[in-house]
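Worksheet: one structure, shown below.
One-based numbering, in listed order, for ligands and for the atoms of each. Along the sequence shown, residues are numbered consecutively beginning with 1.
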Amino acid sequence: MSEAAQTLEGWYALHDFRSIDWTAWRLADESERSRALDELQSFLQQWTKTEENKQGSTAVYSIVGQKADFVFMHLRESLEELSAIETAFNKTTFASFTYPVHSYVSIVELSNYMAQPGSDPLQNPDIIARLKPTLPKAGHICFYPMNKRRDGNDNWYMLAMDERKSLMRSHGMIGRQYAGKVKQIITGSVGFDNWEWGVTLFADDALQFKKLIYEMRFDEVSARYADFGDFYVGNLLNEEKFAAMLQI
Ligand code: VOV
C-alpha cells in the first residue's frame, strides 16, 4: 500500500448556490421586497461581524451563466454552524424568493507534500492562517470540484509518496507564478461530498483563472491524474451590489 499523505484540516466549508425566482420577485409588492432586502443585508452584516471576530469567513458572489444566480461561500468551525447558517437563511423572506441549485460541503485542507521535515506545522502562524483563512474579497470567484484519477496505469493513489511529492512540487511551481494574481483555497471533501476536493480561486482579473487552469492542464498532476466537475465563475457582491442586482 502506498503511504497516505498526511493532511491538516481547518474550517469547514459550505458553497451554497442559489437562483432567484425573478417572476415572484418582480410580482412581490414593494414592502415585501424591501423587507426581504433588509433581512438579506442584516445577514451580510452578521457574516461580516463573524469574520471580524475571526470566527469564520464568508464570500458572496453573483454567478455568471445559468447554473446559479449567486453563491454564499461560508467557512466555519463546525458542520453544525454551517447547518445553522443555512437553516437561518432558509427561514428569511428573501430565501422564499430563491431556490437552491447546488451545494458543496468540504473542509479547508493542507497536505504534507511540501512540509518541512522536523517542524510542527501547527506552531506555524502562516499554516494556521491558511487553515482558517479570511476569504479574499477579490473581484471574481471560480469554483470547481475535482478528483485524482484511479484508472489503470493512471492511479494517483498507487504512486509512491516520493513520486507524488515530486509531482506536487511541479504543481506548486506553476501555482507560484500566479502569486498576487490568483489565490487558491483547496478544500478536501472525501466523505463529505461527491468529489475529492473543491477548488476555489479568487482573482481581480478573471482571465487569470483561464491562464492558470490552462497552464496546469499541461502539468502531469492535472494532465494525467485530475478529473474535474462543473465550473462556476462569478463577480463579487457586497451589500450595495446585491441591492443593485435585486433592483426592479
Ligand atoms: C493558485 C496557485 C496554486 C498554488 C500556489 C498551489 C500550490 C499547491 C501546493 C504547494 C499543494 C500541496 C500542499 C498543500 O497546500 O496541500 C497544493 C495542493 C493541491 N492543489 Fe494546488 N496550487 C494552486 C492552484 C491549484 C489549482 C488551480 C488546482 C486545481 C487543479 C487544476 O488543474 O485545475 C489545485 C489543486 C490542488 C489540489 C487538489 C491539492 C491537494 C492535492 C493532494 O493530493 O493532496 N491547486 N497546491
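Among protein heavy atoms, atom 19 (C) of ligand 1 sits closest to M168 CE, 3.7 Å. Protein heavy atom nearest atom 12 (C) of ligand 1, with residue, atom name and distance: S111 OG, 3.7 Å. Counting only heavy atoms of the protein, atom 39 (C) of ligand 1 lies nearest to I186 CG2, 3.9 Å. Nearest protein heavy-atom contact of atom 33 (O) of ligand 1 is Y144 OH, 2.6 Å.
In this structure, F72 has its ring center under 6.0 Å from that of W47. Between F143 and Y104, the ring centre distance stays below 6.0 Å. Taking the six-membered ring for Trp, F242 and F70 have ring centres closer than 6.0 Å.
Considering backbone and side-chain N/O atoms, R130 comes within less than 3.5 Å of an N/O atom of ligand 1. The shortest N/O to N/O separation between K148 and ligand 1 falls below 3.5 Å.
H15 and F17 have parallel rings, their planes meeting at less than 30° on a 0 to 90° scale where 60° marks the start of perpendicular. Ring geometry for F89 versus F94: interplanar angle over 60°, hence perpendicular rather than tilted (30 to 60°). Using bins of under 30°, 30° to 60° and over 60° for the plane-to-plane angle, the ring pair H102/Y232 lands in the parallel bin.
Ligand 1 places these atoms under 4.0 Å from at least one heavy atom of M216: 23 (C), 24 (C), 25 (C), 26 (C), 27 (C), 32 (O). Interface atoms of ligand 1 facing F228, defined by a heavy-atom separation under 4.0 Å, are 30 (C), 31 (C), 32 (O), 33 (O). Close approach of ligand 1 to R176 is summarised as follows: ligand atoms under 4.0 Å from at least one heavy atom of the residue are 5 (C). Distances below 4.0 Å separate heavy atoms of L212 from the following atoms of ligand 1: 1 (C), 27 (C). Ligand 1 places these atoms under 4.0 Å from at least one heavy atom of L110: 15 (O), 16 (O). Near V199, with a cut-off below 4.0 Å to any heavy atom, the atoms of ligand 1 are 28 (C), 29 (C). Heavy-atom proximity to M114, at under 4.0 Å, picks out these atoms of ligand 1: 10 (C). Against a heavy-atom cut-off of under 4.0 Å, S222 is close to the following atoms of ligand 1: 30 (C), 31 (C), 32 (O).
Within the 4.5 Å cutoff, no side-chain heavy atoms of T187 are placed close to those of I107.
No more than 12 heavy atoms of other residues, nucleotides or ligands sit less than 6.0 Å from atom CZ of R130. Heavy atoms from other residues, nucleotides or ligands lying under 6.0 Å from NZ of K137 number more than 12.
If you look at I174 next to ligand 1, there are no close heavy atoms at all, none under 4.0 Å. Contacts of Y113 with ligand 1, taken as heavy-atom pairs under 4.0 Å, involve the side chain alone. Contact annotation for R217 and ligand 1: no heavy atom of the residue comes within less than 4.0 Å of the ligand.
Residue contact check for ligand 1: W197 places a non-hydrogen atom closer than 4.0 Å to it.
With a 6.0 Å cutoff to the six-membered ring centre and a 45° limit on the axis angle, R217 counts as a cation-pi contact of F228.
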**Prompt:** Between T50 and Q55, is a side chain to side chain donor-acceptor pair (under 3.5 Å) present by the stated rule, with each step listed?
**Reply:** CA-CA 5 Å; T50 304; Q55 288 165 334; 5.2 Å; no
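Considering M173, Q184, H171 only, the shortest heavy-atom separation from atom 34 (C) of ligand 1 involves H171.
With hydrogens and angles ignored, the 3.5 Å screen pairs no side-chain donor or acceptor of S83 with any backbone N or O of L79.
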